[in-house]
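What follows is a short report on a single structure.
Within every chain, numbering begins at 1; the chains are lettered A, B, ... in the order of the sequence lines, protein sequences first and strands thereafter.
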Protein chains: 2
Amino acid sequence: MNDLANAPDLVSDSDEPKTLAETAYRQLRRDIIEGVHRPGDKLRVEHLKDQYEVGAGTLREALQLLVTDALVVAQGQRGFRVAPMSLDDFADITRTRVLLETSALQQSIELGDDAWEASVVAAFHMLSRAEDKLGDGSKASREEWEMRNRAFHEALIGACPSRWIRHFQNILYHQSERYRRLSLFRQPIPRDVHAEHQAIVDAALARNSAEASRILSEHILRTLEAVRQLPADFIN
Amino acid sequence: MNDLANAPDLVSDSDEPKTLAETAYRQLRRDIIEGVHRPGDKLRVEHLKDQYEVGAGTLREALQLLVTDALVVAQGQRGFRVAPMSLDDFADITRTRVLLETSALQQSIELGDDAWEASVVAAFHMLSRAEDKLGDGSKASREEWEMRNRAFHEALIGACPSRWIRHFQNILYHQSERYRRLSLFRQPIPRDVHAEHQAIVDAALARNSAEASRILSEHILRTLEAVRQLPADFIN
DNA sequence: TCAATAACTTTTCTCGAGATTTTTGTCTAT
DNA sequence: ATAGACAAAAATCTCGAGAAAAGTTATTGA
């Protein structure tokens, strides 16, 4: 139909940072997702420029990039703040993710070729291996699992030709990461995620679009439930 | 359910520009949508800073804001360019818009109260009046119609509580504006748009979610067909 | 004639200082 | 004691110049 699948991303994310601003942007993004800068915190340029070792203008640019990801909000003439978090917001993020990701998955199942099937199987395998090593509870293994989990979800919708859906999906994934981090903190991988992933793979390879969407939906929504059951004051 | 409907937008767009950078941003955005800067054009800071009468750093910031809207693409260390246009891209935009806007409409129909109904009727009335004045073919009347058309679509999904859907919807609307401009150029409001809008309003007020979505889908997709039938070299 | 290198020009990126605006703190008057 | 106004402090926003990179043209050798 169209060949957008191989077109460059709307916002380059994969390749190396070529500029100081982008380097600071990535460090800041990680720090926000990790909770170093907490929701609602004011991000003062004068303080942060020393911390991240760049000029004021450069840091400003990094903050602007974070506005694109909606991890930072800018209020004209009143500086920058870390985007607030709330249960309602996470519910919104999750539902929107379900809407986009199921649609992308359906298109993937419809259009995906052998190479797509192979990449899904491969990503699932990588993820399964990471699950095995998750027992030690180390931070490294958990981060590895995070990365591969993300790679798996990306592989699933990899054959979806819509650059826009993938772009929005990307933004939402970063957002959820902030929340999922909370749920992992208390109950490290509680439910049987492996079986859920396996079921999605099976349905996808069987080209059973409706079934795959249904399972994926429940899979994503379950994370919402996990966060909902956290102590109320966990999100502030 | 949740009270996000009245929460501030992810990216403030309604209120007045409080900073020079934001002013330049709006001017630039309009110029890109209007085609003053053409797709693929290089946006050289040194030239543009004089044209828009701001400093280099300030213009840089304005360009960064446009990256958020995906109207400008930044290539690290190689400056900024106007985002390219293509038929495939517009098809992608349109389909994604349909996905988001029908979902938002369904939620609106489900949750909307009397005030929502009133705002839909009001926006429809405003739009109809603008259609009457469209006969003179003046630029002013066409711009008025554009604004009210947008207001109408926004009113329809106004009761959708998802800030994220509305945010993405917003970005996509700006994108389509660039393309719709082309179709208006040749065939000024060709099809019977009024009847389509009327049908959507009727179905929405009757709380007929499925029917309203179906009509809205076709309504949006028709614009895609209109652009498809333009001379091939119109998009370059 | 063509390819590779080198010098030059253009453009982007980065920084620190000055001008505005917001915020904080203090003081006075009711 | 509270509210308002004034003053001081902090932070943001803006600008122009200098450093680094990319792009362009000229030159040289085979």
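Between the CG atom of A:Leu48 and the P atom of D:dT12 there is a distance of 9 Å, given to the nearest Å. If you take NZ of B:Lys18 and C1' of C:dT20, they are 13 Å apart, rounded to a whole angstrom. The nearest whole Å value for the distance from the CD atom in A:Gln64 to the C1' atom in D:dT12 is 13 Å.
Checking A:Leu59, A:Thr19, A:Asp69, A:Leu63 one by one against A:Tyr25, the side-chain contact (heavy atoms from CB on, under 4.5 Å) holds for a single residue, A:Asp69.
For B:Asp114, the CG atom sits in a loose shell: 12 or fewer heavy atoms of surrounding residues, nucleotides or ligands are nearer than 6.0 Å. More than 12 heavy atoms of other residues, nucleotides or ligands lie within 6.0 Å of CD in A:Glu225, so this atom counts as buried by the packing criterion.
Contact between the side-chain N/O atoms of B:Thr58 and the OP1/OP2 oxygens of D:dC13 is not found at any separation under 4.0 Å.
Note that CZ of A:Arg38 is 14.0 Å distant from CG of A:Asp31, once rounded to the nearest 0.5 Å.
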Pairs: protein N or O with nucleotides 11-13 of chain C N or O, under 3.5 Å:
from, atom 1, to, atom 2, distance (Å)
C:dT11, OP1, B:Arg44, NE, 3.4
C:dT12, OP2, B:Val45, N, 3.3
C:dC13, OP1, B:Gln77, N, 2.7
C:dC13, OP2, B:Arg60, NH1, 2.7
C:dC13, OP2, B:Arg60, NH2, 2.6
C:dC13, O5', B:Arg60, NH2, 3.2

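One N or O on the side chain of A:Ser108 and one on the backbone of A:Cys160 form a donor-acceptor pair closer than 3.5 Å.
Relative to the six-membered ring of B:Tyr173, B:Arg180 meets both conditions, a distance below 6.0 Å and an angle of at most 45° to the axis.
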